[in-house]
Structure formats: C-alpha cells, structure tokens
Amino acid sequence: MNTVFQNYALFPHMSVADNIGFGLLMQGRPAAERKETVARMLRLVRMEAMADRRPTAISGGQQQRVALARALAPQPRVLLLDEPLSALDLKLRKEMQSELKRLQTETGITFVFVTHDQEEALTMSDRIAVMSEGRILQTGAPEEIYNRPADRFVADFIGDTNFLEAQIAEVTGRAATVRLPGGASVAANLPEGASPSSGSHVTVVIRPEHARLADGAGVLRGTVEKSVFFGTDTNVHLRLTDGSTFVLRRQNATAGTPPPEPGQEVGLALGEGALQVLRN
Amino acid sequence: MAMQDLSSTARPDGAAPDTPASAVEDSATAERHGWKWLLCAPALTILVLAASGPLLIVLVYSFLTPASFGGVIWEFSTEAWFRVFFSRDIFDPEDVRLNHAHLAIFWRSISLALQTTVICAILGFPTAWFIATRPQHTRAFWLFLITIPFWTNLLIRTFAIQEVIRNQGLINTTLIRLGVIDSPIQMMFTDFAILVGMAYVFLPLMVLPLYAAMDKLDIRLVEAGYDLYASRWQVLRRIILPLVKPGFIAGSILVFIPSIGAFVTPRVLGGGRNLMLGNLIELQFGQGRNWPLGAALAITMLVLVVGALIFYIRYVGREDDGGRRT
C-alpha cells in the first residue's frame, strides 16, 4: 500500500523524476527498470515536460500529479489518498477528480479516497464508508448511502435531508408502515439490522427532491414560508402542522406550475419508497 | 521556502511608473532615492570603523618594522611576511629554511578546528533532533538549557573542564577508585584536551542552526519516506540529512571560525605546549614584541579561514542550492 498525502509531502530536494523513482529506489529495483517505470508514470500523469523540475517550481495541481505518480510507481495493490484535493481550488479540483477517475480505471488499483466533501465522495466512489469518530457508520454504493441513510449522521452529512418524527405502525420484513405527524400512514424502508417494535417512536428521513406538492390532500400538510430559486431547482420551505420544517425541491421547467406563494397551505406527496427509517 | 518569498517580494530599483506625465515626479523620486543611502550611514560607519578599518590597520602593520619594545617603526618591510613561512638562522641570517614550527601550528589549528567541527556535528545532530521533535511548548525550555553555558565566562568553563580531565580530576580519580586503571591517564596538555574543551564550548553554535533547519523540516516528508519503503537509515541519509544541510553548513562555519583562532582553550588545556594560531598571534603581540609578524599571522589566518569557507561552500553546499533557489 502507498499513500498520497494531504499536502503531497514531495521531497523538495529532489527533482520530479527522483521523487517518483524514490519508492523504486528504496525497494532496490534495478536502474533500468526504475528509469522505465518513472517515464511511464510521468506519461500517465502527463508531466513528462516537468521531469527535471523541483517540486517547489511547479503548481499545486502538478504537485498533486507528481504525488500520485510517486505513490503509484511501486505498483501498490491499494492506494490511500488522504484528502488529496483539499488544497486545490474548485476548478482544479474538478479536473483532478476526473483525472483520478481516469488513473484508477487505467491502473486498476484500488483507491481508498479520504474526503470531507460529500459531493466528491458521491461522484468519485464505487463504494462509500461514512465514518464518524473513528467508527464506520454505513458502507454501500453512493446511491444506497444517499437514498437509504441508516443513521442521522449519515443522512445529515450527505446531501440535504428532511427529518420527521414518526411512529412505527407495523413492521413487515425489511419495510414498515409509519404514522407521520399529520396522522397519515405510509410505507418506509427499515435500516439494515434494525427491527423496531410497533408503536415505538422513530425518525424518518426523506430527500427534498423525493417529495412533491400533492394535487389533493397529500400525506403531509404545511404552510409555505418561502421559495428559493437557484437555477435548475427551486426550494420550497414549509412549516408542517406539527411545527417542524420541511424543504421540498422542484425542478424548474419552462411550462411548469409557478411555485406556491408564501402563506399558502399545501399538501405533500412523498415518492414511492423514499422514506427511510433511521437507526436510533 | 524563504528564498522564494524574498525573490517574489523583491522589486526593481526605483519603482516609479514610467509614464510621460510623471517626468517631474520621476526626478523628485530620483532625488529622494539619491539621499536614501544616507539611511544606511550608521551601518556603514560601524562597518568601516569596526570591520574594514581595523583590518586595514592590521594589513598595514604587517608591512612595517617591529620596534624593540612592541609597537612599530614606520618603515616598510616584508620581513614579517617572510618570517611567517621561513626562519633565519640566528648567527647566519642568510641561512634560510622553512619555518616548520609555524607550519606545524597552521596544520594543528586547521586539523583541530576541523575535528572540533566534526565532533560538534556528530554530537549536535541528535541534540538538535531531540529538541526539534519535542512538543512545541517545551522546545523553548530545551533551547534555554543549550544557552545556559553562555552565561558563564569562557575561562571559568575551561577551568571546569580542566577539573574534570586533569590527573587528579574527576575522571581519573573515579577510574582509579573503581580499579579500572592504576595510574592516571594523561589527558591535560594534549590535543585531546583542547578538542574536548573546544567541542564543549562551541557545541551550541552547531546545535542552534541545526535546530533551526530541523524546525522547518516537514515531518510528513519522513512519513512519506517510510511510506515509500525507505529504512530508518535511508530516511536519515536521503531525506533528513539533505534537508537540514543548510543548518550543517551554517553550524560548521560558526564552529570552524572561532575554533581555528581559539586561544583561551589551547592555552589552558593545551598548557602552552600545543600552540594554535590564536596563541601564536597573541605571543607575537605579547612576549614576542613583534607586532608586524603578529599582524602577518593574523592576515594569514584570515586567508586560511576564507579559503576554507570558499572550499566548503563550493564543494559541500553546492548541490542543495538548486531546490531552494528555484
């Protein structure tokens, strides 16, 4: 296993090529093989022209690539990337994200990518492990983590979420029927390994884009407080009948219905299977 | 890196904007700049009076004739310079041979100064590393301990060393009492004694610049080294040593220069038998009453030191510059 460090930790007294070749040199690989591998790594990260520069004489993004090449050169089975993009500005960050994706596919090495950026985690990973205070709270594919968070921390950490206090009405296998604040009963998914008893109080979550304004009464009712437009979507902030807040996201379409006015009372419909019960 | 910061903040001289409209302003700027050097006057005065001036006097004196009871007669002579390297027979002034006594002293001075520098480097490196790896808030305390010897007079510290290594001193009496040796080991009045004394006195001058260099060393580079399969020895040799080399160079210069001219330590611990350059020079100005020879020897020492520094910086300090400058 090799590591890409948060601040790259490139050796300032060695050239880019020597930095990349350091691991191979330490492993005692023959000179010809080292030279060949370093050249290949330089090509891989597109830094051939910079081989003789010092790390202090190249930009942050280039340092990042060199750090990657250095860690990849000894051909580890697992590459640990410790928040490798946190020091880069947004544009460079996006570039390096796709670059990393490309490198990962090309080399076929397992990348363990540590990040605090949830969007980065969702877009870059095949599998995500959400950690808090040294413990893994949930692992799974990005869709699973996003749509079916098992834990309040996970739900809150990744994306925007509505939290609702509800009561379990009935448990049937992996699903349950819960009674929502307004009194309506709807189906909700249960987290893995949890089997709450009927009548117990639980928290259920739903993503803002999984709820919509109902034509009729809906399963939840609330008063519109404000609508916030931001390009592709509009967020409608509501206060539910039990006093809790709820955010609903609507995609903006040219011929869509206009967003509701503040003060208007509306009903909400929830997407099929969009409700998720949290572990306590 | 510090170098980089300096170069990026450096601006071309007289940074007045070069537009036609500012012609008047330009001359005003030039005038202001013209007098600006006066601000350096205090520093220049000190440099001339305290550094260049005395040096010039020493140089002039080395070409004069000694007066009988010290001082000089204002009469040009190269005899002093001749005597630096050659000696004349007392009875036959034409019988000239190399001054082996002087050459031996030159050699001993250089050799002892080099050995002192090496000893200080070997002892100073772990010491500085120890301090640099302590938690930030305790480092000031350790540095403080390093500077404590400076509070005591050099002579007293040197006599303290004498107490430790003399024949009836701490080491010998302890060893005899323990039955390790029968008769005391002669340590006083040897080159070894001079070395111990100088290494002790000059060690802080090596530790402090080394510490400064290590303080800047990013410990994550060491981590990165281990991550890339380097052994402890390889991390030391290929990462730590190259990166703290500026500290080594600064420390070596700081130790080498006072070592080569030291005269208190060789006088007390060398017992006047093992002269070093400093003692020889002192001798000429004192008992020898040959000021021009003393002056010529002083200049010789200066040339030796500068020569050694140029050699050192050119051949030891060369490779590491590139990374810092760019």
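The sequence lines fix the lettering, A, B, ..., with proteins before strands; numbering per chain opens at 1. Fair warning: this is a prediction, and the values are worked out from it, not measured in the lab.
- Interface residue D227(B): backbone and side-chain heavy atoms are both found under 4.5 Å from chain A.
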Evaluation steps, ring-ring contact (aromatic ring centres under 6.0 Å, His included), between W233(B) and Y226(B) = CA-CA 11 Å; W233(B) 164 244; Y226(B) 285 130; over 10 Å; no
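- For a residue to count as touching a neighbouring chain, one of its non-hydrogen atoms must lie under 4.5 Å from one of that chain's; by this rule F11(A) touches chain B with backbone and side chain alike.
- Looking at heavy atoms from C-beta onward, R93(A) lies in side-chain contact with D117(A) at the 4.5 angstrom threshold.
- You'll find the side chain of T127(B) stays beyond 4.5 Å of the side chain of Y211(B), heavy atoms only.
- The contact between L10(A) and chain B is made entirely by backbone atoms, counting heavy-atom distances below 4.5 Å.
- Although no hydrogens or angles enter the test, the distance criterion places no donor-acceptor pair under 3.5 Å between the side chain of R65(A) and the main chain of L44(A).
- Of the two parts of R70(A), the backbone and the side chain both hold a non-hydrogen atom closer than 4.5 Å to a non-hydrogen atom of chain B.
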